[in-house]
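Per chain, numbering begins at 1; letters A, B, ... match sequence-line order.
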2 protein chains.
Amino acid sequence: MTNTLRLIPLGGLGEIGKNMMLFEHGRDILIVDAGIMFPEHDMWGIDVVIPDFGYLRERAGDVRGIVVTHGHEDHIGALPYLLGEVVPLDTPIYATPLACGLIDARLSERLSERTDLTGRANLRRITAGQGFRVGPFEVEFLAITHSIPDGVGLCITTDVGRIIHTGDFKFDYTPVRGGGPGFSRLGQLGAQGVLALLSDSTGSERSGYTPSEQVIVPALDRIFREAPGRIVVATFASLLSRVQQVINAAHAHDRVVALAGYSMLKTVEIARELGHLDVPKGLLVELGEALRLPETRVAIVTTGSQGQPEAALARMAEGTHRQIEIKPGDTIVLSSTPIPGNEEEVARVINKLIARGAEVIYPPLAAVHVSGHASREEQKLMLALTRPRFLVPVHGELRHLHAHARLAQEMGIAKENIFLLENGAVLELTRDAAQIVEKIPNEDVFVAGSGVGEIGPAVMREREVLARDGFVLAMVPVSAATGEVTSKPELVSRGFVYLRESGDLMERAAERAWQALRVSSPRREQTIIERTQETLGKFFYEETRRKPMVVAVVTKV
Amino acid sequence: MTNTLRLIPLGGLGEIGKNMMLFEHGRDILIVDAGIMFPEHDMWGIDVVIPDFGYLRERAGDVRGIVVTHGHEDHIGALPYLLGEVVPLDTPIYATPLACGLIDARLSERLSERTDLTGRANLRRITAGQGFRVGPFEVEFLAITHSIPDGVGLCITTDVGRIIHTGDFKFDYTPVRGGGPGFSRLGQLGAQGVLALLSDSTGSERSGYTPSEQVIVPALDRIFREAPGRIVVATFASLLSRVQQVINAAHAHDRVVALAGYSMLKTVEIARELGHLDVPKGLLVELGEALRLPETRVAIVTTGSQGQPEAALARMAEGTHRQIEIKPGDTIVLSSTPIPGNEEEVARVINKLIARGAEVIYPPLAAVHVSGHASREEQKLMLALTRPRFLVPVHGELRHLHAHARLAQEMGIAKENIFLLENGAVLELTRDAAQIVEKIPNEDVFVAGSGVGEIGPAVMREREVLARDGFVLAMVPVSAATGEVTSKPELVSRGFVYLRESGDLMERAAERAWQALRVSSPRREQTIIERTQETLGKFFYEETRRKPMVVAVVTKV
């Protein structure tokens, strides 16, 4: 029998293979990444979305290991739902030192809640350039650059051939810390022969090259030189190179740096321990201490650059932050751009900060942020270096994969050698062929509170109705003796109308239902309920042009 | 007494003076525009947001007329809520012919629903360049260009001085139809002296110049030349110049054009009647007829470019459009960019169209859309032409006004001569001074169904809780004789958990409540209700880490 390798992207919200990718050789499975997605606006009450582990649950005994490309939530955030739940807690996890630190912090939080889980995670620290073997898979970590340090691409070799998985990447010749991308190694692998390239499609709608992180230096330098008071820089906690740049600018302009926001404190602590941040002695101080210094000596790095209502920056904007009150003279830098879907929230925070008198600087007003993902010319360079036989665009919605595919075709890759997968699709590779052979189930799995996968489409539809027009509950009194309705129903509503202003609407509704029930005097409970719901639904629509959820129940008297 | 002129911006959702601006001279009031805003994501169940008419309601007798700058919804959409409701139905409305046509259609729809309103609107057709008098206000319509034809700026002169209000504008030297902006007249007015400029701030975060509508011609031409089958172009119904461009491209490439979507049909009908569209004979056909022609002879112009779920394009993407089934070979052009907040919806539509095999073309992949608003260099040109003593940035959120103000300061306008107003702020102008003197009440007024202003913060908060975690209603049976709770409560829930998968959660919850009530055996109804709500809220949070709305009611048995 010819050996085959099966590639299966998994994950949520239409991002293909971003959260998880399975490599399957014979019966052996290697998992690449295990991340979460954040819910979209109409996913009422959902905290996070995780990949569908249904297939892995059946095949748990065949999982040889987990490889993690970098420490972002959309690549590591689902590990607590996977380890000890689907695969054994001690399944080996291969990751770079910084990713290991972040994974460890994540898992510790979870394990402290789960007293039933004993043992601990089995983390294997690997650095870029190192290789290791997991079952039939030879894995090599490839140096790339991204918006978190210590991220890698993967070269995964089996007897079927060599696969390159870029992870999230951009080509930054001059990263803030650490080495640049391993261009020559990528070229060497390309010369030796690459069966398939799995390449980051996130930036495939953006022409040209993504600028180096270094372009931010002059913008920050100018802000630090000119700011008349405190400087507050909001960015992603994981964007450690940006934190380093703020530290550098503060050092150059004689300011101390303080941190605000739990995830910023946590991530910086881990990064410092692992030597991923250079902090001159005495530069990093407690927030309380910083606030006692002259304002021109202070810079604060905070979470909340996506406008998240619970994060530190939004609380400063609302005036509810415990320690920091924004005022005229403050300069606030949003060193980020809104992730699609967050535009409204970010705009609100900016407006509120300006209303408090602060000077707010954000892209495109100044060059204070660059993307962490390759633009189109970099995607071309990746293709030109690795010269794959087959291209599998990954990481992105279908539209991004599609744009990536068109770009590859412009470079001469034949359309039939490019595979646009959906999550759950199984791409089977042999030494000289590739085809989609089947589709395993893949659904977005919603996590809400402590429940995983309990909230499905039915509950979501109910929430949508409730969110739009609230509900009216009708309690219909029915004689226990005769089964007949004895009087008009009692109505309770929430989220529908403001009762003080709705006059006698509820009174008239109850009368109308009572009339309808008296006319036909049904005795079957189900008929009473249906008649009541129908009558009230119609009445409210006529009166208000709205459609609250109407629920009738029978109460025995 | 020195004469004064008072300027009062009104409107919704933090866009300053976009929906409405009041000019007040002595007791006389001139209203400029009356538009709506569309709700943000967390404004549950709200259809539209209209300006706060509280002040106008008190002063209705002093309103001399309404001037409309152009026919977009955010400038005319609130007229049905103003005319016949707040000011007399026959209050004169001064607008360009196309705006009059669109206003008339809007008002007719409303008046057909309101049989109690007699009479009709008093529309006065004015063209760019024309002047007219309304009470103490001399008004002149100024030629500008925007993304709807027949838009104007305003020169409003009283004995206090000359005010220029740009309306929504860009400077397009080569518009698709009609004349260009009246540069020389603006310059002449600037030379004669302008007391204050109210200028569109929408594009103040965008550097450079907004391209002319003409840049779209080569992109459309290429698409029409290369498309192997049907072409579907989605754009705003009001973007008539874009519709004209599609008509031109179709004519050049021997295709007919059909329309899809109610507002597209309606707007094109009005525009044709008023001579705002040039349609070669036989080019525009019914959709049904077009679908019977060879696919290479067909172009369809449709609504839904913002991803609105109920619009034609989304229905094509979902496969629920009555007439059009998207398939491989179709080329779909999104001739628009997402309005902030709509990114998720637009992305979903694009992904679904691609999944159906269509080729989807959208910015930035091709130059198929340009903005209708001035970029920073055009805002500078407006300032340079009109040379105002005072600048009042309008149309935009605070951040846009702020960026506009900084730009003006760079051009040498003194900071104290620039007024950043909020909605409801009253700017009082004399011949040589300006100051903010007071603030009248201004709140976002929500329209939901047939209710105007009935939904306030309390109902919205209830909806937010319901949207997140649903509700549980507990009916506690109480003896009519003794006032004692007789048995465990009956629970009804919606939008909380999927009951089939929640096991005995509800059963245990009822038991817990019953226990708590038995221990203390309260007889006061309010105490029973509070005890039940508290016990259940705590129980559900412990069990699920979620917080459904818990409502308890007492039923007498």
Side-chain angles (χ1 to χ4, degrees), chain A residues 14 40-42 44-45 205-207 340-341 343-344 347-348 350-351 354-355 360 364-365 397-399 402-403 422 448-451 454-456 458-459 462-471 473 475 477 490 492 494-498 501-502 541 543-546 549 551 553 555-557, chain B residues 14 40-42 44-45 205-207 340-341 343-344 347-348 350-351 354-355 360 362 364-365 397-399 402-403 422 448-451 454-456 458-459 462-471 473 475 477 490 492 494-498 501-502 543-546 549 551 553 555-557:
Chain A
E40 297 180 355
H41 277 112
D42 52 2
W44 324 98
E205 293 174 351
R206 193 171 50 229
S207 59
E343 290 82 357
E344 275 178 15
R348 282 186 205 176
I350 292 174
N351 287 327
I354 293 175
V360 185
L365 296 182
E397 301 165 20
L398 182 54
R399 65 200 189 116
H402 201 253
E422 53 188 326
S450 56
E454 286 167 8
I455 304 296
V459 175
E462 289 177 356
R463 288 182 183 172
E464 189 174 341
V465 174
L466 290 170
R468 189 169 299 152
D469 289 321
F471 73 88
L473 188 115
M475 288 169 286
E490 195 182 331
V492 174
R494 291 289 189 282
F496 172 41
V497 287
Y498 187 50
E501 291 191 3
S502 63
Y541 185 72
E543 293 281 324
T544 67
R545 298 284 143 190
R546 280 179 268 162
M549 177 184 284
V551 182
V553 294
T555 57
K556 291 279 163 57
V557 292
Chain B
E40 297 179 356
H41 277 111
D42 52 1
W44 323 97
E205 293 174 351
R206 193 170 51 227
S207 60
E343 290 82 358
E344 275 178 13
R348 281 186 207 178
I350 292 173
N351 287 328
I354 293 175
V360 185
Y362 52 93
L365 296 182
E397 301 165 21
L398 182 54
R399 66 200 189 118
H402 201 254
E422 53 188 326
S450 56
E454 287 167 6
I455 304 296
V459 174
E462 289 178 353
R463 288 181 183 173
E464 189 174 340
V465 174
L466 290 170
R468 189 168 300 152
D469 290 322
F471 73 87
L473 187 116
M475 289 168 288
E490 195 183 329
V492 174
R494 290 290 189 279
F496 172 42
V497 287
Y498 187 50
E501 292 191 3
S502 63
E543 292 282 323
T544 66
R545 298 282 144 191
R546 282 177 266 160
M549 177 183 284
V551 181
V553 294
T555 57
K556 291 279 162 57
V557 291

Of all heavy-atom pairs linking A:Leu365 and B:Ala403, the shortest is CD2-CB, 4.4 Å

The interface call for A:Arg348 against chain B, heavy-atom contacts under 4.5 Å, is side chain

Heaviest contributor of heavy-atom pairs below 4.5 Å to chain A, chosen from B:Arg545, B:Met549, B:Arg206, is B:Arg545

In terms of heavy-atom pairs under 4.5 Å with chain A, the winner among B:Pro477, B:Ala467, B:Gly470 is B:Ala467

Cut-off 4.5 Å, heavy atoms of chain A, and the answer for B:Glu422 is neither

Ranked by heavy-atom pairs below 4.5 Å to chain B, first place among A:Glu464, A:Glu490, A:Glu462 goes to A:Glu462

Note: vs chain A, highest number of non-hydrogen pairs under 4.5 angstrom among B:Val492, B:Asp469, B:Val465 is B:Asp469

Distance col, row B:Asn351:CG vs A:Glu397:CD, nearest 0.5 angstrom, shows 4.5 Å

Margin query: Looking at B:Arg463 and A:Arg468, would you say the former's side chain and the latter's main chain have a donor-acceptor pair under 3.5 Å?
Written below: yes

Residues B:Leu466 and A:Phe471: closest non-hydrogen pair is CD2-CE2, 3.8 Å

Cut-off 4.5 Å, heavy atoms of chain A, and the answer for B:Ala448 is both

The interface call for B:Ile354 against chain A, heavy-atom contacts under 4.5 Å, is both

**Study point:** Parallel, tilted or perpendicular, as decided by the 30° and 60° cut-offs, for the rings of A:Trp44 and B:Trp44
**Key:** tilted

dist A:Glu40:CD -> B:Glu343:CD (nearest 0.5 Å) comes out at 12.0 Å

Assert top hit (heavy-atom pairs under 4.5 Å, partner chain A, pool B:Val557, B:Thr555, B:Leu473) equals B:Leu473

| query | Is the closest side-chain heavy-atom distance between B:Val360 and A:Arg399 below 4.5 Å? | reply | no

(request) Report yes if some heavy atom in the side chain of B:His41 is under 4.5 Å from a heavy atom in the side chain of A:Asp42; otherwise report no. (result) no

Check whether any side-chain heavy atom of A:Ile455 lies under 4.5 Å from a side-chain heavy atom of B:Arg546, and answer yes or no. yes

Whatever's closer than 4.5 Å to a heavy atom in chain B on A:Tyr541 counts as neither

Contacts of B:Tyr362 meeting ring pair (Phe, Tyr, Trp, His ring centres under 6.0 Å) (sequence neighbours excluded), chain-then-number -> none

Cut-off 4.5 Å, heavy atoms of chain B, and the answer for A:Val551 is side chain

Given A:Met475, A:Lys556, A:Glu543, the one with more heavy-atom pairs under 4.5 angstrom with chain B than any other is A:Met475

Checked A:Ala458, A:Pro340, A:Gly456, A:Gly449 vs chain B; the most non-hydrogen pairs under 4.5 Å come from A:Gly449

